[in-house]
Structures are given as structure tokens and as C-alpha cells.
Amino acid sequence: MSIRLYDTATRSVRDFVPIRPGKVSLYLCGATVQAAPHIGHIRSGVNFDILSRWLAYRGFEVTFVRNVTDIDDKVLSKAAEQGVEFWRLAQANERAFTAAYDGLGCRPPTIEPRATGHIPEMVELMQDLIYRGHAYAAGGDVYFDVRSFPGYGALSNQRVADMWSADDADPKNAKRDPQDFTLWKGAKSGEPYWNTPWGPGRPGWHLECSAMARKYLGERFDIHGGGIDLIFPHHENEIAQSKARGDAFAQYWMHNAWVTMANEKMSKSLGNSVLVADMMRRYRPIVLRYYLGTPHYRSMIEYSEAALEEAAVAFSRIEQFLTRAFELVGATEPAVAVPDEFAACLDDDLAVPGAVAVLHQSVRAGNTALAAGDKEGAKARLGDVRAMLGVLGMDPLAEPWSAAADRDAANLREVVDNLVVVALEQRQAARARKDYAAADEIRSRLAAIGIVVEDTPGGPRWTLG
RNA sequence: GGUGGCGUGGCCGAGAGGCGAGGCAACGGCCUGCAAAGCCGUGUACGCGGGUUCAAAUCCCGCCGCCACCUCCA
């Protein structure tokens, strides 16, 4: 059974055939660190984290590159607005992105290269492009000559002639054609710069990805990912830069859909962002991951509090099964393999929604086994459920979530447990003498402080509500 | 003007010619002192109008509504 992926370049689902057997090279356009991450950014991180986990589960050795663009027009203008050095702003935002990725359980990529760390590679690329007649220097800038590259527009299925020309094109600049894009920008006064054969300047927006993808993954690599809004111009331009130099570049292009707010795309420029940091204070991060990771990566998510609350309930159903199953059958490791049906879904263009349906069916089967006192059946389902959650990065009993319960918290929980047991013993005594008013009073007082008491055949159990 | 996407039950959200993914909510039942949780059951949904077909949410044609990209964007 092979993995199939939707490839934007061909607008079709294709069998995934890696360049090197057993290995996958994956490049994801990460953050332009001009501002703190909103939940749309982190959705991309979660989607591709699940992809890389699934590839790893299928036995591939994944080299995962996710870049950080730490210099561009926006970074410079925001830094100038705030009156700080660009690197101060970039670094602060990069830390915020890292906290968001870590917080939502995204495993770190193999490498996170920064644009400013790869200036020599960019200069070399530009020299090569100029030598080959695909780029030209003019007025301190370096431009890519779009007309010199016949494949331009193939990814986004546009013909150059049909495009609107850039109405923000600077009349002063020296472009030969309005569609030409800037590889390198001559530094204006006060801007940071690097010396080059064309004078002092700094990178445009697209060049860094071509340079860094080649450096870490080679002239040809398997998958290039990013948000759907990067198809044009960013990825189109990357293709132009890299292929014009002679690289084969990416074999598959994967794009995640965005998160919308009131039916509009969430974006920094529209100012309708929901910041990850704020959300993590209001919802448990594992629930946010479930919410952002469960819909198909190519479907847009219309953000709503109600849907997020619902995700929290759905996820806690899974967690409660884990808790009760552990109580009955004891600690159980994840199964070695996920159920076939689950695997078939993820093989089919990462169909997480279908896979989650299988997960819920296993939870139900597990609950049925628990209700019947079928320990063997419950243990088997518990192993399956943990294996599936593991692939999705949502197993509360595995890293990084299990580490969240640190030792202080565990000690405190033990103390609270002992206190609650005292109250529950009194309640059991009241129930034994059929004084239900007293028993219910104890239960409701505990409920008032957030402790939910449930009676089970094995005695009362409590959880934080 | 060019390019791409979306419209599914009360809600979220999959699917892509035939058997109603899954979750949330609701209702009935089992269990319970009562609850909670859990389990069992209950639904005749696919924007509108045509067409193809034995069979259409799915394919074709035409509409309607919404969104995005066309050099800032995950």
C-alpha cells in the first residue's frame, strides 16, 4: 500500500514515490517572523507535523526543513515602527513561533534554517542565474527575468499575459518587465545590508527558500509544503529561481488551507488574527491540536468558539476512555501497528477525518468492552487507541503531553486525592445508611469546587471537571 | 480580466455514482438511590434548475450565493 498525496502542481492525487527509497525530504515554508503566530500559522505546523509523523510511521527517514524568514520588507518596516533593530523583532517572534509549535506538540524539524544565515548561498544563486541569463542587476537591485523562464506560471496555472501587473510596482525601479520579481533589494539608508557584487543590499522574499532547500535537501527533493496562499507568487517564484538554475526542485507540492474568521481569511494584514498564545491560555493545547489537526488539511476551517468547545468535548471522550481503561487493565503500551482502516485513511492524502472516525469507533468498542468487564478486549482497544493517537501526536500519555504533569503537580494531586477520599468515605457511609440527602450534599459541594464525582461498580471516582 | 476553491442534517465535519464516516446536541431505552459516564436505539442531509444513468450529494450543462490568489500573507 503506497501513500498517495495531492500534488498542487498536477492538481491530482498521485502515488508518492520518493527519490531515494526509504527516505523523504520535506521542505516547509515556515514563519516570516514579523509578528507572533496566529492559529492559521500553527495549523500549517500541525498539518505537516502529522504528515511527517505518518511518513515516519510508514518507515521513511524524514529530513524535515522548516525555514525561518527573519528578514523581509515587513520585518524591516515593523521593526522601524517599533523603533527596534530588525533582529530584535525577528528573534522575539521566532521564539513565539517556537513556543507555539512546541506547545501544540509539533516535533522540531530536522533543521530550521534562517534566511540571514544563508546570504552567501543566495549570492551564489543569483550569480548563477545572471550567468545563465535569467536574472539581471539594475539600480542596486537584482531581478528575475520572468520572460526568460518558459515554465513561469505552471504551478498556479496562470499565463503571465493574463495576470494583472503589480500596481504597487515602484515606478523608480528598473524592472524590464512588470512581472519580473525582485531577488535582492539594494539597501535604503538605515537598512541592514550585506555587500554583494551589485552593491550593499538584502534579500527579497523568495530567494531564501530556493537557497536553503538546495543546501539542505539538494537539487531535487520530495515534498515542498506551505499555505495555499503561497502558491503564487512565493512558490511560483521559488520554482523559477531553482529550475532556471538547473535544479529539479520539488517533486510534490502540498498546500494547506487556511483558518478563516467570519468567512474571511485570517491574516496579519486584516488584523483578525487569533493568536496562539492567547488560545493556549484559554484552551488546553492538546485540544487546540485536535481542533486544528482533525479537519482535512485542504479544507478551510471556519474558526468558531462553539466548534472549539465541541472539539474539547469530543477529545475528552477519548481521554476518559484512556483513564477508565487504565483503571481496569493497567498501564498499556500503544499497539505496534495502527488498525488497517486507520492506516488506509492516512495513506490516502492524509485523510485525518476518516482516521479520526476509526479512532472514535475504537473508543466505542473499548467502552463496550469496559462495560462488559472484558479486560482483554479493553486492553486491545486501549493499545489501538494509543497507537492512533500517537501518530496524530495527540496521546495524552506520551511525550510531550505526559511531561506536562510534572512532579509538583503529581505530588499535589496525591494530596488532593487523599483529601477527596476523606469526603468520599463520608459520602459512602451516608449512602450505606440511605441518607441520600447527605450524600448528595457532599457530591454537590465537591462539584462546586470543580471535583466531579461518579459512582462506578468499583466505587466512586473523581476527576477535575 | 485570469486562476483556484467552497455551499452536506439543529451544529461541526468527511465522502465523491448504488450500501447514511465520525463527533456534538436532541429524544427514547438500559444501568444508577438519584446522577454522571458508558452502552443500545432514533435522522430519509447534500445551494437552485435541467440532463446522463437501472441508480446522482457524487458525472455533465446552466444558474445563484460566498471566499481566495494575480508580486505583503500559513
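Atom set for the values below is all heavy atoms of this structure, side chains included, hydrogens, waters and symmetry mates excluded. First the proteins, then the strands, lettered A, B, ... as listed; each starts at 1.
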query = When only distance counts, do a donor and an acceptor, one from the side chain of Tyr152(A) and one from the base of U71(B), lie under 3.5 Å apart?
reply = yes
task = Tell me whether the guanidinium CZ or amine NZ of Arg66(A) lies under 6.0 angstrom from the six-membered ring centre of Phe48(A) and within 45° of its axis.
result = no
ask   = Under 3.5 Å, is there an N or O donor on one side and an acceptor on the other linking the side chain of Asn157(A) and the base of G2(B)?
value = no
message = Would the base of G2(B) count as contacting Arg159(A) through its side chain, where contact means a donor and an acceptor less than 3.5 Å apart?
response = no
request  = Could you please name the option among A74(B), C40(B), G23(B) that lies closest to any side-chain atom of Thr368(A)?
outcome  = C40(B)
ask   = With a non-hydrogen cut-off below 4.0 angstrom, is Thr32(A) in contact with a base, only sugar-phosphate, or nothing?
value = sugar-phosphate
task = Just compare C24(B), A74(B), G13(B) and give me whichever is closest to any side-chain atom of Pro295(A).
result = G13(B)
key: cation_pi(Arg413(A), Trp462(A)) dist<6.0 Å, angle<=45   = yes
task = Indicate, with a heavy-atom threshold strictly under 4.0 Å, whether Asn47(A) touches base, sugar-phosphate, or nothing.
result = nothing
query = With a 4.0 Å cut-off on heavy atoms, is Gly153(A) in touch with a base, just the backbone sugar-phosphate, or nothing at all?
reply = nothing
ask   = Does any N or O in the side chain of Asp70(A) come within less than 3.5 Å of the main-chain N or O of Ala90(A), such that one atom is a donor and the other an acceptor?
value = no
request  = Using a heavy-atom cut-off of under 4.0 Å over every strand shown, decide if Leu230(A) touches base, sugar-phosphate, or nothing.
outcome  = sugar-phosphate
inquiry  = Starting the side chain at C-beta, find the nucleotide from G2(B), A74(B), U71(B) nearest to Asp162(A).
reply    = G2(B)
key: Rounded interatomic separation in angstrom, taking CD from Glu309(A) and P from G13(B)   = 15 Å
ask   = Can you check the Asn367(A) CG to G22(B) P distance for me, whole Å?
value = 15 Å
request  = Select one nucleotide: of A74(B), G23(B), G33(B), the one nearest the side-chain heavy atoms of His360(A).
outcome  = G23(B)
ask   = From C24(B), A74(B), A14(B), pick the nucleotide closest to the side chain of Pro353(A)?
value = A14(B)
query = Judged by atom type as modelled, is there a donor-acceptor pair below 3.5 Å linking the side chain of Thr332(A) to the main-chain atoms of Gly330(A)?
reply = yes
key: Same-atom distance (C1') from A16(B) to G7(B), integer angstrom   = 15 Å
ask   = Checking side-chain contact (heavy atoms from CB on, under 4.5 Å) against Phe144(A), which of Leu129(A), Leu207(A), Asp180(A) comes through?
value = Leu129(A)
request  = Quick one: label Val452(A) by what it contacts on the DNA or RNA (base, sugar-phosphate, nothing), any heavy atom closer than 4.0 Å.
outcome  = nothing
request  = Side chain of Glu310(A) only, please: which of U71(B), A25(B), C12(B) is the nearest?
outcome  = C12(B)
task = Would you tell me if any nitrogen or oxygen in the side chain of Arg317(A) comes within less than 4.0 Å of OP1 or OP2 on C39(B)?
result = yes
task = Could you tell me whether Asp180(A) contacts a base, only the sugar-phosphate backbone, or nothing, with contacts defined as non-hydrogen atoms closer than 4.0 Å?
result = nothing
request  = Starting at atom CE of Met261(A), determine the distance to atom C1' of A74(B), rounded to an integer number of angstrom.
outcome  = 16 Å
key: Out of C69(B), C34(B), G23(B), whichever nucleotide has its closest atom nearest the side chain of Arg431(A)   = C34(B)
query = Base, sugar-phosphate, or nothing: which does Val259(A) touch, judged by heavy atoms less than 4.0 Å apart?
reply = base
task = Starting from P on C31(B), measure out to CG on Leu370(A) and report it in whole angstrom.
result = 19 Å
task = Answer with yes or no whether Arg443(A) presents, from its side chain, a donor or acceptor under 3.5 Å of a partner atom in the base of C34(B).
result = yes
query = To the side chain of Ala439(A), which of G33(B), A74(B), A14(B) is closest?
reply = G33(B)
message = Between His118(A) and Tyr216(A) (judged by ring centroids, cut-off 6.0 Å), do the two rings come close enough to count as a pair?
response = yes
ask   = Within the structure shown, what part of the strands sits under 4.0 Å from Gln320(A) by heavy-atom distance: base, sugar-phosphate, or nothing?
value = sugar-phosphate
task = For His41(A), answer base if it contacts any base atom (sugar-phosphate contacts may also be present), sugar-phosphate if it contacts only those atoms, and nothing otherwise; contact means non-hydrogen atoms under 4.0 Å.
result = base
inquiry  = Regarding C72(B), can its base be found pairing with the side chain of Asp229(A) as donor and acceptor, where the two atoms are less than 3.5 Å apart?
reply    = no
message = Can you classify the ring geometry of Tyr290(A) versus His360(A) as parallel (below 30°), tilted (30 to 60°) or perpendicular (above 60°)?
response = perpendicular
ask   = Hey, does the side-chain of Gln361(A) have a donor or acceptor N/O within less than 3.5 Å of a partner on the base of G22(B)?
value = no
task = Identify whether NZ of Lys or CZ of Arg in Arg14(A) sits under 6.0 Å from the centre of the six-membered ring of Tyr252(A) and within 45° of that ring's axis.
result = yes
key: Atom-to-atom span, CG of Asp141(A) to C1' of U71(B) - whole angstrom   = 14 Å
request  = Describe the nucleic acid contact of His234(A) in one word from base, sugar-phosphate, nothing, applying a heavy-atom distance below 4.0 Å.
outcome  = nothing
task = Tell me what Ser299(A) touches on the nucleic acid: a base, only sugar-phosphate, or nothing, going by heavy atoms under 4.0 Å.
result = sugar-phosphate
query = Do NZ/NE/NH1/NH2 and the carboxylate oxygens of Lys74(A) and Asp72(A) come within less than 4.0 Å?
reply = no
message = From CE of Met254(A) over to P of A74(B), roughly how many Å is that when rounded to an integer?
response = 18 Å
message = Over all strands shown, is Arg427(A) touching base, sugar-phosphate only, or nothing at heavy-atom distances under 4.0 angstrom?
response = base
request  = Tell me what Gly226(A) touches on the nucleic acid: a base, only sugar-phosphate, or nothing, going by heavy atoms under 4.0 Å.
outcome  = sugar-phosphate
P atoms of C48(B) and U58(B), separation to the nearest Å = 10 Å
key: Which nucleotide in C70(B), A74(B), C34(B) has an atom nearest any side-chain atom of Asp440(A)   = C34(B)
Length of the CD-C1' vector between Glu454(A) and A36(B), whole Å = 5 Å
message = Heavy-atom nearest nucleotide on RNA chain B for Arg298(A) versus Asp73(A): which residue maps closer to 5'?
response = Arg298(A)
inquiry  = When both hydrogen-bonding distances must be under 3.5 Å and the geometry is Watson-Crick or G-U wobble, what is G62(B) paired with, if anything?
reply    = C48(B)
task = Measure the distance from CD on Glu302(A) to C1' on G13(B) and round it to the nearest whole Å.
result = 13 Å
inquiry  = It should be established whether Lys265(A) places a side-chain nitrogen or oxygen under 4.0 Å from OP1 or OP2 of nucleotide C69(B).
reply    = yes
